[in-house]
Amino acid sequence: MSSTLIRGAFVHTPALGTVEVLQDYLLRTNEKGYIDYFANASLPGSLDILQSAPAPPLVISPGSFVLPTFCDLHLHAPQFLYQGTGLHLPLMEWLNEYAFKAEERLDADPALAKRVYKRLATRLVEHGTGAVLLFGTIKTETNLILARVMQEAGVRAFVGKLSMDISSRPSYVEPSASASLDAAQAFCAGCDQAFCALPPHERLVQPVLTPRFVPTCSKGLLSGLGELSERTGVRVQSHMAEAHDQVQHVLSEHGEDDMDVFLRSKLLTPRTVQAHCTFLSPADLRRLAATGTAVAHCPLSNAYFSAAPFRLREALDAGVRVGLGTDVAGGYSVDVMNAMRHAVAVSRMREGTRLLEGCGGGSTGAERAGRPLSVDWMEALYLATRGGALALDLPEGCGTFALGAPLDAQCVRLLDDNTRTGVGALDFFDLGDDASLWELTLEAIEKWWCLGDTRNRKQMWIQGRPVHMHLR
């Protein structure tokens with residue numbers, strides 16, 4: 001692969017709440033797709049690179065900018081089969097009526113699985129998702145199909161074969177804890193073997209140990225997975241403290257909450273991402289931060305299946321690594337931009353409740369201090385990019401344009417190059433007579449954040465390599 005040279009406006013969020021707009025910068029990658037130069041294009045070093053380059057740079061036109069790709073920390077790949085349906089039931093009923101049936105169907109039909117997963121990969125790229133943490137199904141072979149599809153699509157993917165030796169659906173369950181553990185190890189080995197011939201920087205897919213959640217896993221299975229992760233360093237993902245009926249089920253079955261069950265099983269570590277966590281108290285969040293566990297915040301699916309919103313501000317203040325998840329199909333949209341918008345909306349509702357109700361006895365530290373519980377669009381953009389990259393423990397610098405980071409980026413169009421009018425749903429009324437002099441501002445980026453869609457996405461790169469999949 002040859003190096004990449006790009007000149008134009010770049011936008012990233014190196015810290016929570018900070019959006020840097022870098023006008024007329026020059027970025028270069030090496031042959032492996034890592035950024036080895038990034039500076040203002042007018043500097044002498046940049047001019048030297050431009051003069052000696054074997055080919056002209058890709059010039060990002062005024063009205064467009066380059067942004068790190070999005071990270072989706074929680075998505076059920078087989079549930080993409082019925083995305084946008086079945087959201088009228090409580091969580092435990094919904095799993096039985098929709099989720100388990102769809103997953104079992106894909107396990108029984110490899111051709112259908114491949115068709116669903118290829119379409120999912122297309123949608124991820126269309127929506128700017130460059131890294132995704134995926135729940136799969138029980139069957140090893142089906143998950144290897146998912147892994148191969150994501151690698152071929154050029155998407156960073158962490159693929160989890162479900163581990164579950166307890167189920168309300170007799171035909172969709174593993175026979176024992178030992179069988180489940182053997183299958184988990186076989187999948188991890190198979191996933192590594194599938195891509196071992198590729199150079200390390202081209203291996204985009206990794207396996208993840210995936211106990212579905214406490215109600216579907218015996219204590220022996222959970223402890224076995226914890227020991228396996230500790231021994232091999234393989235990542236872990238699951239659901240924790242998501243819904244009221246699920247929380248009560250765990251308490252009645254185990255006599256303790258699922259956080260304590262996971263902790264006892266060595267499944268809360270810096271290698272772990274737990275989805276939801278809506279029923280964790282501020283004290284629980286501080287305990288979680290001490291373990292290094294990250295959280296996938298899924299505001300849309302929480303609105304459907306949880307009786308409480310996630311304490312996002314408190315989690316961030318406690319030092320918990322947080323990213324965003326779409327949670328398809330508990331969430332109906334695969335678009336991380338929607339997850340950003342919902343995260344802000346939910347947090348503003350929480351802040352409104354705080355202001356209306358005042359500080360009661362059960363208020364949090366942030367509430368007692370009068371600290372706003374809301375987050376803004378800039379903080380949400382951080383969670384979707386740099387925050388998600390940190391939560392997923394992606395290569396150093398991911399989610400920014402730091403030297404040494406892989407180039408995982410998307411080109412976003414605000415203005416049409418020919419008509420100089422807004423692209424898609426965007427309208428701009430103060431362009432002046434010479435639209436070529438238009439300068440990218442935070443207000444213009446915010447407008448895209450609120451109104452933008454797939455029509456605004458022009459190009460995408462992962463590890464410096466262009467990703468083309470029906471992009472405009």
Novice: Restricting to side-chain contact (heavy atoms from CB on, under 4.5 Å), what partner residues turn up for His249, sequence neighbours left out?
Specialist: Pro215, Glu253
Novice: Is the backbone N or O of Pro14 less than 3.5 Å from a side-chain atom of Thr18, with the two atoms forming a donor-acceptor pair by type?
Specialist: no
Novice: Please determine whether a side-chain nitrogen of the Lys or Arg among Arg313 and Glu351 lies less than 4.0 Å from a carboxylate oxygen of the Asp or Glu.
Specialist: no
Novice: If you apply the rule side chain to side chain contact (heavy atoms under 4.5 Å, CB included), what do you find for Met150 with Leu204, and how did you get there?
Specialist: CA-CA 8 Å; Met150 291 297 155; Leu204 301 179; over 6 Å; no
Novice: Got Leu124 and Val334 here, is their nearest side-chain heavy-atom distance under 4.5 Å?
Specialist: yes
Novice: Once side-chain hydrogen bond (donor to acceptor under 3.5 Å, both in side chains) is applied, do any residues pair with Gln246, and if so which ones, sequence neighbours excluded?
Specialist: Asp258
Novice: Whether the side chain of Thr29 engages the backbone of Thr4 through a donor-acceptor N/O pair (distance < 3.5 Å, no angle test) should be reported.
Specialist: yes
Novice: Minimum heavy-atom separation for Ala121 to Ala153, with atom names?
Specialist: CB-CB, 3.7 Å
Novice: Would a distance-only check, ignoring hydrogens and angles, find a side-chain to backbone donor-acceptor pair under 3.5 Å from Asp165 to Ser218?
Specialist: yes
Novice: Would you say Lys458's side chain and Val412's backbone share a donor-acceptor pair under 3.5 angstrom?
Specialist: no
Novice: Under 3.5 Å, is there a donor on one side chain and an acceptor on the other for Thr140 and Asn143?
Specialist: no
Novice: Using the six-membered ring wherever Trp is involved, compare the ring planes of Trp377 and Trp449 and label them parallel, tilted or perpendicular (cut-offs 30° and 60°).
Specialist: tilted
Novice: What heavy-atom pair brings Met259 and Met240 nearest, and what distance separates the two atoms?
Specialist: CA-SD, 3.6 Å
Novice: Main chain of Ser374, side chain of Arg350: is a donor-acceptor contact present, judged purely on distance under 3.5 Å?
Specialist: no
Novice: Looking at Ala241, is its backbone amide N or carbonyl O close enough to the side chain of Thr278 to form a donor-acceptor pair, meaning the two atoms are under 3.5 Å apart?
Specialist: yes
Novice: I need the Thr122 OG1 to His127 NE2 distance, nearest 0.5 Å.
Specialist: 11.5 Å
Novice: May I ask you to test the Gln410-Trp461 pair for a side-chain heavy-atom distance under 4.5 Å?
Specialist: no
Novice: Please check if the side chain of Ser167 supplies one atom and the backbone of Tyr172 the other of a donor-acceptor pair under 3.5 Å.
Specialist: yes
Novice: Under the side-chain hydrogen bond (donor to acceptor under 3.5 Å, both in side chains) rule, collect the residues that match up with Asp257, sequence neighbours excluded.
Specialist: none
Novice: Hey, would you say the Trp94 and Tyr304 ring centroids sit under 6.0 Å apart?
Specialist: no
Novice: Just so I know, are the side chains of Leu89 and Tyr98 near enough to count as touching, which here means a heavy-atom distance under 4.5 Å?
Specialist: yes
Novice: Please list all pairs meeting ring-ring contact (aromatic ring centres under 6.0 Å, His included) that have one or both residues in residues 315-345, counting only residues at least two apart or in different chains.
Specialist: none
Novice: Distance check, rounded to the nearest 0.5 Å: Gln79 atom CD versus Leu106 atom CG?
Specialist: 10.5 Å
Novice: When you compare the side chain of Pro211 with that of Leu221, does any pair of heavy atoms fall below 4.5 Å?
Specialist: no
Novice: Is Ser180 reaching over with its side chain to a backbone N or O of Ser163, donor-acceptor style, under 3.5 angstrom?
Specialist: no
Novice: Under the salt bridge (Lys or Arg N to Asp or Glu O under 4.0 Å) definition, can you give me all pairs with a residue in residues 94-104, not counting sequence neighbours?
Specialist: Glu97-Lys101, Glu103-Arg212, Glu104-Arg169
Novice: Return the minimal non-hydrogen interatomic distance between His244 and Ala307, and the atom names on each side.
Specialist: CB-CB, 4.3 Å
Novice: Would you check, one step at a time, whether the test side chain to side chain contact (heavy atoms under 4.5 Å, CB included) holds for Val322 with Leu316?
Specialist: CA-CA 7 Å; Val322 180; Leu316 294 171; 4.0 Å; yes
Novice: To the nearest 0.5 Å, what is the distance between OG on Ser229 and CZ on Arg271?
Specialist: 3.5 Å
Novice: Can you tell if the side chain of Arg156 reaches within under 4.5 Å of the side chain of Pro406, non-hydrogen atoms only?
Specialist: yes
Novice: When the side chains of residues 386-402 are checked against the rest of the protein, which donor-acceptor pairs come out under 3.5 Å, sequence neighbours left out?
Specialist:
from	atom 1	to	atom 2	distance (Å)
Arg386	NH1	Cys398	O	2.7
Thr400	OG1	Gly397	O	2.7
Thr400	OG1	Ala402	N	3.3

Novice: For residues 295-303, dump all side-chain donor-acceptor pairs below 3.5 Å to protein atoms at least two apart in sequence or in another chain.
Specialist:
from	atom 1	to	atom 2	distance (Å)
Ser301	OG	Cys298	O	3.4
Ser301	OG	Asp327	OD2	2.8
Asn302	ND2	His276	ND1	3.1
Asn302	ND2	Cys298	O	3.4

Novice: Are any non-hydrogen side-chain atoms of His12 and Leu22 less than 4.5 angstrom apart?
Specialist: yes
Novice: Not counting sequence neighbours, which residues clear side-chain contact (heavy atoms from CB on, under 4.5 Å) with Ala102? List them please.
Specialist: Leu81, Tyr82
Novice: Looking only at heavy atoms, what is the nearest atom pair of Glu174 and Ala183, with distance?
Specialist: OE2-CB, 3.8 Å
Novice: Measure the spacing between OG1 of Thr293 and CG of Leu288 and express it to the nearest 0.5 Å.
Specialist: 5.0 Å
Novice: Looking at every non-hydrogen atom in both residues, tell me the closest pair between Leu181 and Leu225 and how far apart they are.
Specialist: CD2-N, 3.5 Å
Novice: Can you list everything that forms a side-chain contact (heavy atoms from CB on, under 4.5 Å) with Ala384? Sequence neighbours excluded, please.
Specialist: Phe70, Leu324, Val336, Met340
Novice: For the residue pair His254 and Arg264, establish whether any side-chain heavy-atom pair is separated by less than 4.5 Å.
Specialist: no
Novice: Check salt bridge (Lys or Arg N to Asp or Glu O under 4.0 Å) between Glu93 and all other residues, then give those that pass, not counting sequence neighbours.
Specialist: none
Novice: Can we say Glu202 and Arg465 salt-bridge, meaning some charged N sits less than 4.0 Å from an Asp/Glu carboxylate O?
Specialist: yes
Novice: Just jot down the salt bridge (Lys or Arg N to Asp or Glu O under 4.0 Å) partners of Lys266, sequence neighbours excluded, or say none.
Specialist: Glu230
Novice: How about Val149 and Leu120: do any of their side-chain heavy atoms sit closer than 4.5 Å?
Specialist: no
Novice: Quick check for you: to the nearest 0.5 Å, what is the distance between Asp245 atom CG and Phe305 atom CZ?
Specialist: 10.0 Å
Novice: Under 4.0 Å between a side-chain nitrogen and a carboxylate oxygen: does that hold for Asp260 and Arg287?
Specialist: yes
Novice: Between Thr69 and Asp408, do the side chains contain a donor N or O and an acceptor N or O under 3.5 Å apart?
Specialist: no
Novice: To the nearest 0.5 angstrom, please state how far the CG atom of Leu440 sits from the CD1 atom of Ile60.
Specialist: 12.0 Å
Novice: Can you name the closest pair of heavy atoms from Tyr34 and Gly404 and give their distance?
Specialist: CD2-O, 3.4 Å
Novice: Using the side-chain contact (heavy atoms from CB on, under 4.5 Å) criterion, which residues pair with Asp192? Sequence neighbours excluded.
Specialist: Pro207
Novice: Output, in order, the C-alpha distance, side-chain angles, deciding distance and verdict of side chain to side chain contact (heavy atoms under 4.5 Å, CB included) for Leu267 and Ser238.
Specialist: CA-CA 9 Å; Leu267 289 169; Ser238 191; over 6 Å; no
Novice: Could you go through the side chain to side chain contact (heavy atoms under 4.5 Å, CB included) check for Arg371 and Asp317 one step at a time?
Specialist: CA-CA 11 Å; Arg371 176 173 171 78; Asp317 287 349; 2.9 Å; yes
